[in-house]
Amino acid sequence: GAVVSQHPSWVICKSGTSVKIECRSLDFQATTMFWYRQFPKQSLMLMATSNEGSKATYEQGVEKDKFLINHASLTLSTLTVTSAHPEDSSFYICSVPGLAGGTSLSYEQYFGPGTRLTVT
Amino acid sequence: EDKVVQSPLSLVVHEGDTVTLNCSYEVTNFRSLLWYKQEKKAPTFLFMLTSSGIEKKSGRLSSILDKKELFSILNITATQTGDSAIYLCAGKETSGSRLTFGEGTQLTVNP
C-alpha cells in the first residue's frame, strides 16, 4: 500500500496566523488526496478533495478561503489554515486512495499520521 | 446525504471477552464498507467489504456485510488490552474515492 507522510506532526500557533500542513505520498502518484478533520472524541469529517492540477472540491460548510488547498504535484498536497482561531484546533489527516488486493475494483485509502494543530 | 451510524459509541470489556461492533449505512450508489482501527494517530485499515455474506477474517478479527439490511459487524474474539482503540467504519460510493465515516466505537479492554 501507499506510504503517506504529513508534516508537521504537531504545531502550535497564535490566533490570526496561518499554518501550512503538507501531505506527501511517498511511493504512489496521487491525482487525488483527501483532507479530514477530527475533533476530540469525534469521527473523521471530510473537509475537501484535493485534485492535482485543478481546484479542490470542498465539502458543504467548509470555507475554501480559510482552508486553502494546493495539489502542486502527484505526490504533494498542502492545506493552509489561514487566520487560524482556537476553534480551528483539531487533528488534520490526509489520505491517499490506492489499490488493495490487486484488483481495479477494490481500493482503500491510506492515511497519513495526522497533524495536531493547536491555536492559542 | 450519506450517513453511517455506529453502535455502541463506547464499550468497556475485560480481556478475553468477545465484542461485536455494529455499523449501519445509507450511502448513495454504495460500493464498499471499510473498517479502520484508530489508536493515537491516524486510522489503520482493517477490512474492506464489498459482497454480502462473505466473512473476512484476520486473526481474532472478523467482519461481514449485509447489503440487504445495510449493515456490517466487526467481531473481535479473545480481546486483548492492545485492542483498545476507536473502531471506525466508512461507506464508499461507486464513483470516486470519498468515504463517509461513522462516529466510531471507543473500545476499552481492561486487564
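Residue numbering restarts at 1 for every chain, and letters A, B, ... go by the order of the sequence lines.
The minimum heavy-atom distance between B:Ala42 and A:Gly112, with the atom names listed, is CB-O, 2.6 Å.
Looking only at side-chain heavy atoms (C-beta outward), A:Tyr36 and B:Leu99 come within less than 4.5 Å of each other. Between A:Ser43 and B:Val4 there is no side-chain heavy-atom pair separated by less than 4.5 Å. Put simply, the side chain of A:Gln109 does not reach to within 4.5 Å of the side chain of B:Leu34, judged on heavy atoms. Between A:Phe111 and B:Tyr36, some side-chain heavy-atom pair lies under the 4.5 Å cut-off.
There is a path of hydrophobic side-chain contacts, each under 4.5 Å, that joins A:Ile21 to A:Val62. Hydrophobic clustering, with ILVMFWY side chains joined whenever heavy atoms are under 4.5 angstrom apart, keeps A:Leu76 apart from A:Met47. Connection of B:Leu61 to B:Ile86 is not established within any shared hydrophobic cluster, with ILVMFWY side chains joined at heavy-atom distances below 4.5 Å, either directly or through further cluster members. Grouping the Ile, Leu, Val, Met, Phe, Trp and Tyr side chains by contacts below 4.5 angstrom, directly or via other members, places A:Phe91 apart from A:Leu79.
The part of B:Leu88 that comes within reach of chain A is its side chain, from C-beta onward, which places non-hydrogen atoms under 4.5 angstrom from that chain. Both the backbone and the side chain of A:Leu44 come within contact range of chain B, with heavy atoms under 4.5 Å apart. For a residue to count as touching a neighbouring chain, one of its non-hydrogen atoms must lie under 4.5 Å from one of that chain's; by this rule B:Gln6 does not touch chain A.
No more than 12 heavy atoms of other residues, nucleotides or ligands shown are found within 6.0 angstrom of NZ on A:Lys55. Counted within 6.0 Å of CD on B:Glu1, heavy atoms from surrounding residues, nucleotides or ligands total 12 or fewer; the atom is thus considered open. Under a cut-off of 6.0 angstrom, the local environment of NZ in B:Lys57 is crowded, with over 12 non-hydrogen atoms contributed by other residues, nucleotides or ligands.
Ranked by heavy-atom pairs shorter than 4.5 Å toward chain B, the options A:Gln38, A:Met45, A:Gln42 are led by A:Gln38.
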